Amino acid sequence: MNTGRISTVLRNGKAGDAVTIAGWVRTRRDAKTFSFVEVNDGSCVASLQVIADQSLPNYQADIVKLTTGSAVACRGVLAVSPGKGQALELRAASFTVFSMAPSDFPLQKKRHSFEYLREIGHLRPRTNSIAAVARLRNSMSFAAHTFFQERGFAYVHTPIIGTSDCEGAGEMFRVTTLPPDNPPRDENGGVDFTKDFFGKKASLTVSGQLEAEIYALSLSRAYTFGPTFRAEDSNTPRHLAEFWMIEPEAAFFDLDDDMALAEEFVKYLVRHALDKNQDDLAFFNERIDTSLLATLSAIAESEFARVSYTDAITILEKANESFDFKVAWGSDLQTEHERYLAETTFGKPVIVHDYPKQIKAFYMKQNDDGKTVRAMDVLVPRIGELIGGSEREDRFDVLRARIAELGLSEKDYWWYLDLRKYGSAPHAGFGLGFERLMLLVTGLQNIREVIPFPRWPGNAEF
RNA sequence: UGGAGUGUAGCUCAGUCGGCAGAGCAAGUGGCUGUUAACCACUGGGUCGGGGGUUCGAAUCCCUCCACUCCAGCCA
């Protein structure tokens, strides 16, 4: 079946063109001697208005009974539409009905709540909103790869399953093939994981960073883009149990290079959306967030603010604002503090850098002041933390001492330490939560809407 | 996981002081019409989230459980 895409027909078609399209009926309106059938194939927000005349052989039998959700194909000729709302319409010469959606089809020609749509994950991409998310997500994925490819970063597939028990980024999902009801026991009565598939405890990855460092210290520039798993009991509009993270890692990069890369990356992606997904963004701007286009244009053109953690604390202490959480040097910035900085103080994305070492991970490079590390977070209005990154500790002795100081086991990190022993080099990287980016570019409120099949506590149906 | 809120027709919601279960949309039937979430009329459609209690009587008050949403924490 040689069908055209509706996006192409609407963009390039002219009156008189013979075309065939296929898709799903959004709505039908009957006139005296013909029917208006709006068909959408997911290629763009717009549907194509098909004129089905009563002279069609299956007019009475099928067409006037078409329901929302039915699957059809139409062959005919494009014509200038005399009605308002569309430039072109398709005058059908033949009209095939593949299947008629019964009356209990869950999607109707009206707005549904996103909560309801989550319950019908198998059908929700047939809505304008979720289809627009899917197209934009595809476009953003492609742009992320293009950005790094253009800059000499190699795409590295880091493992999904790992056995390092202490990456320090939250609760992990255990991977095992041991029988849950009667696992092998060791002499202390505990589960004997040496009998497990990998010979030790294994989990789904919480970050590809440590492995990305291996490739950064061989290819110089590498990045990962893959699924990431956190078994936290999180129930918020910004967290998922399974999400996609982009993690570039570059040798001979210091924190300033890292921050510059992060800023360039975010702007590149936003600009790409503004350039290549105008129709979908216009849809979100109209239906979801009327300030979206203005916000994205501002981000694309703004210079991100940079402020040290210490200066940020000073700003927050002087702020004429009653925070629920006390501001104090040495404690982590709360969401309310981050939003105040991004939304009120600077009114644009802000990069906070050089955090106290006690609130950051062991692998971050220590400053000479003995108190802070070369870490940075990119905070954006409305979303909060979009990116977290750092320059990595590349000095063998310093890293080893830090591991000991935190009571971590050196033998768990033997290969990570080896990287500092053999040809160590300054390097830095960051992690960008892909779904957080999607929140930014769609204007949507809940992260469960911007991933095709969201997973959160109690939910993994589709 | 803590705090707050919500749960009524397929969907979105109203339901007053505890007194016969409602509207719009969707579906079905008929009508009208180059329509635009088309329109008009009629028809069918209910475990009021589940369980327990108070009461002559509970969608409504009380207890409990469940689900979802928002805020917060964990973070990306």
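Chain letters run A, B, ... following the sequence lines, proteins first and then strands; every chain starts at 1. Keep in mind the model is a prediction, meaning the values are calculated, not measured.
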Determine whether any donor atom in the side chain of [X] lies under 3.5 Å from an acceptor atom in the base of [N], or the reverse, and answer yes or no.
{"X": "A:Arg436", "N": "B:rC75", "result": "yes"}
{"X": "A:Gln86", "N": "B:rU36", "result": "yes"}
{"X": "A:Arg230", "N": "B:rG73", "result": "no"}
{"X": "A:Ser81", "N": "B:rG34", "result": "yes"}
{"X": "A:Glu89", "N": "B:rG34", "result": "yes"}

Got a list of protein N/O to nucleotides 22-32 of chain B N/O distances below 3.5 Å?
from   : atom 1 : to       : atom 2 : distance (Å)
B:rG24 : N2     : A:Lys110 : NZ     : 3.1
B:rA26 : O4'    : A:Gln108 : OE1    : 3.4

Derivation of the salt bridge (Lys or Arg N to Asp or Glu O under 4.0 Å) call for A:Glu119 and A:Arg124: CA-CA 9 Å; A:Glu119 296 169 9; A:Arg124 72 174 189 166; over 6 Å; no
Decide if the gap between the ring center of A:Tyr59 and the ring center of A:Phe95 is smaller than 6.0 angstrom. no
Please determine whether a side-chain nitrogen or oxygen atom of A:Thr335 lies at a distance below 4.0 Å from atom OP1 or OP2 of B:rG73. yes
Can you tell me if the side-chain N/O atoms of A:Arg448 get under 4.0 Å from OP1 or OP2 in B:rU69? yes
Give each stem of RNA chain B as a range with a range, requiring at least 3 consecutive Watson-Crick or G-U wobble pairs whose two distances are under 3.5 Å. B:1-7 with B:66-72, B:10-13 with B:22-25, B:27-31 with B:39-43, B:49-53 with B:61-65
Would A:Phe36 count as stacking on B:rG34 if stacking means ring centres less than 5.5 angstrom apart and planes tilted under 30 degrees? no
Distance, [atom1] atom - from [M] to [N], rounded to whole angstrom:
{"N": "B:rG24", "M": "B:rC40", "atom1": "P", "answer": "10 Å"}
{"N": "B:rC61", "M": "B:rC39", "atom1": "P", "answer": "36 Å"}
{"N": "B:rU8", "M": "B:rU60", "atom1": "C1'", "answer": "11 Å"}
{"N": "B:rC20", "M": "B:rG10", "atom1": "P", "answer": "22 Å"}
{"N": "B:rG3", "M": "B:rU47", "atom1": "C1'", "answer": "31 Å"}
{"N": "B:rA26", "M": "B:rC13", "atom1": "C1'", "answer": "14 Å"}
{"N": "B:rA27", "M": "B:rG73", "atom1": "P", "answer": "45 Å"}
{"N": "B:rG46", "M": "B:rG15", "atom1": "C1'", "answer": "14 Å"}

May I ask you to decide whether [X] forms a salt bridge with [Y], counting only side-chain N to carboxylate O separations under 4.0 Å?
{"X": "A:Asp30", "Y": "A:Arg28", "result": "yes"}
{"X": "A:Glu249", "Y": "A:Arg392", "result": "yes"}
{"X": "A:Arg436", "Y": "A:Glu385", "result": "no"}
{"X": "A:Arg402", "Y": "A:Glu405", "result": "yes"}

Tell me if a side-chain donor or acceptor on A:Lys201 pairs with a main-chain N or O of A:Arg174 at a distance below 3.5 Å. no
If we ignore hydrogens and angles and just use 3.5 Å, is the side chain of A:Glu263 paired with the main-chain N or O of A:Phe304 as donor and acceptor? yes
Touch check for [X], heavy atoms < 4.0 angstrom, all strands: base, sugar-phosphate only, or nothing?
{"X": "A:Gly83", "result": "base"}
{"X": "A:Ile387", "result": "sugar-phosphate"}
{"X": "A:Pro237", "result": "sugar-phosphate"}
{"X": "A:Pro82", "result": "base"}
{"X": "A:Phe243", "result": "base"}
{"X": "A:Thr27", "result": "sugar-phosphate"}
{"X": "A:Asn459", "result": "sugar-phosphate"}

Where the side chain of A:Asn235 is concerned, which of B:rU1, B:rA38, B:rC68 is the nearest nucleotide? B:rU1
Which nucleotide wins on minimum distance to the side chain of A:Trp456, given the candidates B:rU69, B:rA72, B:rG34? B:rU69
Partner of A:Tyr155 under ring-ring contact (aromatic ring centres under 6.0 Å, His included), picked from A:Phe225, A:Tyr215, A:Tyr223, A:Phe147, is A:Tyr223
Please state how far atom CG in A:Asn446 lies from atom P in B:rU69, giving the value in whole angstrom units. 7 Å
note: A:Glu449, atom CD; B:rU69, atom C1'; distance rounded to Å ~ 11 Å
Side chains of A:Glu213 and A:His427: is there a donor and an acceptor less than 3.5 Å apart? yes
Give me the ring orientation class for A:Phe153 and A:Phe253: parallel if the planes are under 30° apart, tilted from 30 to 60°, perpendicular past 60°. perpendicular
